Amino acid sequence: MQDSRNKIRTFVRENFLFGGDDELHDGDSFLEMGIVDSTGVLELVAFLEDQWGLTIDDSELVPENLDSVDNLVGFLERKLPATVC
Amino acid sequence: MCGIVGILHHDDRPIEVALIRRMAAQIRHRGPDAAGAVVDGPVGLGHTRLSIIDLAGGRQPMAVPDGSLLVTFNGEIFNYLELRQRLIGLGHRFATRSDTEVILHAYEQWGDACVEHFNGQWAFAVWDRRNRRLFLSRDRLGIRSLYYIAGADRFLFASEVKALAADPQVTLALDGTGLGQVFTYWTTLAPRTVFQGVHELPPGHCLSVENGTVLSWQYWQPDYQPDVRLDEQRATEDLLALLSDAVKLRLRSDVPVGAYLSGGLDSSITAALIRELTTTPLETFSVAFDDADYDESRYQRMMVERLGTRHHEFRCNYEHISEVFPEVVFHAERPLLRTAPAPLYLLARQVRREGYKVVVTGEGADEMLGGYDLFKEAKVRRFWAAEPNSRLRGLLLKKLYPYMPNLQAQSPAYLQAFFHVGPQDLESPFFSHLPRWRLGGHLKRFLAEPYLEADRSSEPYDDCREILPPAFGGWSAFAQAQFLESAILLPGYILSSQGDRMATAHGIEGRFPFLDHRLAEFAARIPPRWKMKGLCEKHLLKQAAGRLVPEEILQRPKQPYRAPEAVAFFGTPQHPLHNAYADDMLSAAQIENYGVFQPEAVERLVSKVRSGRAIGAKDNMALVGILSTQILVDRLIRNFRPIEDDSAGSAVFGDTKILGSGEPSYGGGVGEPGDTIPFQTVTNSTTG
């Protein structure tokens with residue numbers, strides 16, 4: 001899972017923070033940091049689907065699943081068989 | 001449209017007329033028909049003229065017969081005929097039939113209060129020779145531009161910053177605070193500009209320079225307190241009567257007047273009113289887009305059919321936008337967060353090629369009469385905040401933005417998160433504008449030190465508190481939103497970047513009936529519930545002008561005017577586009593060279609855009625904002641090359657020299673990239 005966590009961190013840094021100076025902690029809320037908007041949610045979904053071959057249901061598009069590195073990792077853990085992670 | 005420039009030395013050193021001419025040469029695009037300059041010891045005034053009223057007699061700078069007052073004037077005083085009669089009644093004698101001369105006599109009669117008598121759009125300077133005083137004024141809503149530099153030993157002013165920069169003593173540099181403001185409000189807050197030491201006279205302000213002291217003051221501020229005497233029927237009738245008279249006044253011209261047709265309600269109404277008020281054939285002009293997401297030509301044609309106008313459609317594609325964007329920024333003289341001015345730049349060019357100098361447009365209706373989505377959004381957010389757990393209320397937000405697929409895809413939980421209203425937000429005077437301003441703030445992520453530092457040093461939006469009038473706190477939430485939109489975005493972005501500057505780049509004058517100050521004052525006092533009934537925008541206008549436009553235009557969902565952004569420069573992964581200049585400006589080397597942004601961050605953004613992953617407003621705004629800032633630094637700071645003045649001819653004015661010429665000899669406008677613009681002239685044969 002550490003590998004997935006790193007991939008997610010890198011994606012968020014490069015895609016939303018653009019490698020800027022902002023510090024990113026795994027528990028930080030993307031919404032509170034103002035780095036994810038309505039487009040950002042769709043970008044996150046596209047990233048998860050591409051990277052891990054997931055299909056994400058509309059009902060899963062909630063901050064509890066997507067709003068921090070920790071939430072994303074947790075969501076992945078629930079969605080994927082342990083071996084893939 | 002014309003251009004004005006001037007210098008006043010505080011220490012009586014004489015002005016070099018060559019410098020006035022050189023400054024004026026930079027803005028010949030505003031006034032290609034004639035140019036003039038006059039020096040009177042320590043003061044020098046210059047003018048470039050677009051002849052519209054009194055073609056033979058309106059040459060400038062102009063003086064009263066005894067030479068005690070001298071004026072250089074850009075714009076129109078639409079009620080000049082009535083004022084002229086009144087001033088003649090008061091004993092004034094006129095030598096011309098121009099509105100320029102009306103300004104001189106009005107100043108002679110009423111002093112600084114002359115501006116209160118004017119209905120128009122102006123930026124002018126009067127040199128009061130007896131009192132050795134320079135008086136400047138800008139129209140109430142900021143339609144015409146006016147910049148100045150207040151130095152220790154002199155005062156310079158001009159219609160455009162590039163004219164100031166033509167003075168070898170002036171070196172432009174970016175202002176970090178101004179840049180931060182653009183990346184928040186989409187414009188600087190006047191008097192600040194994005195150039196250090198260069199100020200903009202705010203709309204509705206006058207300024208005087210006397211004995212080295214510069215004073216500015218506000219002469220106009222509408223009151224948004226609803227007029228309790230109004231009933232809806234009466235308000236509807238009054239609105240139409242005012243609008244009709246505003247259009248009528250704006251048809252005063254000694255050259256033909258054309259009209260823009262966007263396909264929306266406002267320009268449809270103004271074009272229809274012109275048709276009602278005149279019997280002369282009307283020519284209309286529109287932008288259509290190859291990209292169907294932006295195209296409104298169906299509605300434009302609907303109006304053309306109805307009015308029987310001779311119509312000109314400019315069809316815009318991605319390459320057109322990227323080709324002219326450097327010129328667009330050069331004329332806007334500020335970073336842009338949208339490419340929307342580019343098609344209007346191209347349209348103005350075609351209007352000029354058709355031989356027109358004046359166009360009437362529908363700008364201002366959304367601000368005055370409550371048309372913007374932002375007003376609706378604020379209403380829904382407040383409605384939701386009153387019942388925060390209601391998910392249904394939040395779904396109204398999806399109804400607001402049918403043209404935003406990314407928003408349509410959101411779950412109620414995310415909608416709530418995005419538009420969540422915190423207790424602090426509810427109390428903020430900027431409640432309506434917080435989502436937009438926060439979105440803009442995303443751009444600051446790309447700034448390099450010290451620009452980032454300049455931004456960190458102030459509390460968010462504190463600078464904006466300074467522009468709030470004392471009565472603001474007593475106005476309704478709707479009125480507060482209207483005020484912010486009318487005071488900030490309208491003059492700073494809509495009128496400057498899209499209106500005045502794109503038209504004047506080609507010597508075109510825009511006229512805006514919805515910005516007649518009588519209409520603005522009346523509209524401010526219309527109760528908000530008639531402006532937006534439920535979530536129906538511009539309700540009263542639709543009631544008032546319903547008979548003028550087809551039902552389909554009246555009922556169509558409002559579509560904001562937008563143009564393709566990042567895609568115009570980079571295309572899509574399947575159909576990539578390359579624009580060498582944009583590529584260079586965004587390269588790591590140039591980003592590093594100009595030092596405004598962080599090279600690595602910009603590189604990541606560009607790569608995201610190229611890969612087709614930048615699908616949202618935030619990244620598109622960032623890309624356009626960064627690119628336009630780079631262009632601004634390139635064209636106006638690092639590689640600014642003033643146009644050399646080669647005008648000739650002089651005349652004598654009292655003990656001073658006037659330089660003037662009937663024929664332009666400064667050499668036309670700046671830059672005319674691309675001559676292969678597809679342009680259709682459609683003559684409608686079904687009516688009129």
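The structure presented is a predicted model; accordingly, all values stated were derived computationally and were not measured. Below, chains carry the letters A, B, ... as their sequence lines are ordered, and counting in each starts from 1.
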*asked:* Take a 6.0 Å sphere around CD of Gln51(A) and say whether it holds more than 12 heavy atoms from other residues, nucleotides or ligands.
replied: yes
*Starting at OG of Ser411(B), measure out to CD of Glu60(A) and round the result to the nearest 0.5 Å.*
11.0 Å
*Does Glu43(A) have any side chain to side chain donor-acceptor pair (under 3.5 Å) partners at least two apart in sequence or in another chain, and if so, which?*
Asn15(A), Lys608(B)
*Using side chain to side chain donor-acceptor pair (under 3.5 Å) as the criterion, list what pairs up with Arg382(B), not counting sequence neighbours.*
none
_Within-4.5 Å side-chain heavy-atom neighbours: His442(B) and Ile35(A)_ = no
*Check each atom of Val62(A) against the heavy atoms of chain B and say whether the ones under 4.5 Å are side chain, backbone, both or neither.*
both
*Mind listing the closest non-hydrogen atom pair of Lys618(B) and Val36(A) along with its distance?*
NZ-N, 3.9 Å
*Could you go through the side chain to side chain contact (heavy atoms under 4.5 Å, CB included) check for Gln410(B) and Leu61(A) one step at a time?*
CA-CA 7 Å; Gln410(B) 299 304 317; Leu61(A) 298 182; 5.7 Å; no
*What part of Leu31(A) is in contact with chain B, defined as an atom under 4.5 angstrom from a non-hydrogen atom: side chain, backbone, both or neither?*
side chain
*Work out which heavy atom in Phe11(A) is nearest to a heavy atom in Arg613(B); give both atom names and the distance.*
CE1-NH1, 4.5 Å
*Write down the atom of Asp67(A), the atom of Tyr414(B), and the distance for their closest heavy-atom approach.*
N-OH, 3.9 Å
*Output the distance between atom CG (Asn620(B)) and atom OG1 (Thr39(A)), rounded to the nearest 0.5 Å.*
9.0 Å
*Which bit of Asp58(A) comes within less than 4.5 Å of chain B, counting heavy atoms only: side chain, backbone, both or neither?*
backbone
*Take Val606(B) and Phe18(A), measure what side chain to side chain contact (heavy atoms under 4.5 Å, CB included) needs, and give me the verdict at the end.*
CA-CA 10 Å; Val606(B) 171; Phe18(A) 299 97; over 6 Å; no
_Please check if the number of heavy atoms outside Glu600(B) that lie under 6.0 Å from its CD is greater than 12._
no
*Is the number of heavy atoms from other residues, nucleotides or ligands within 6.0 Å of CD (Gln408(B)) greater than 12?*
yes
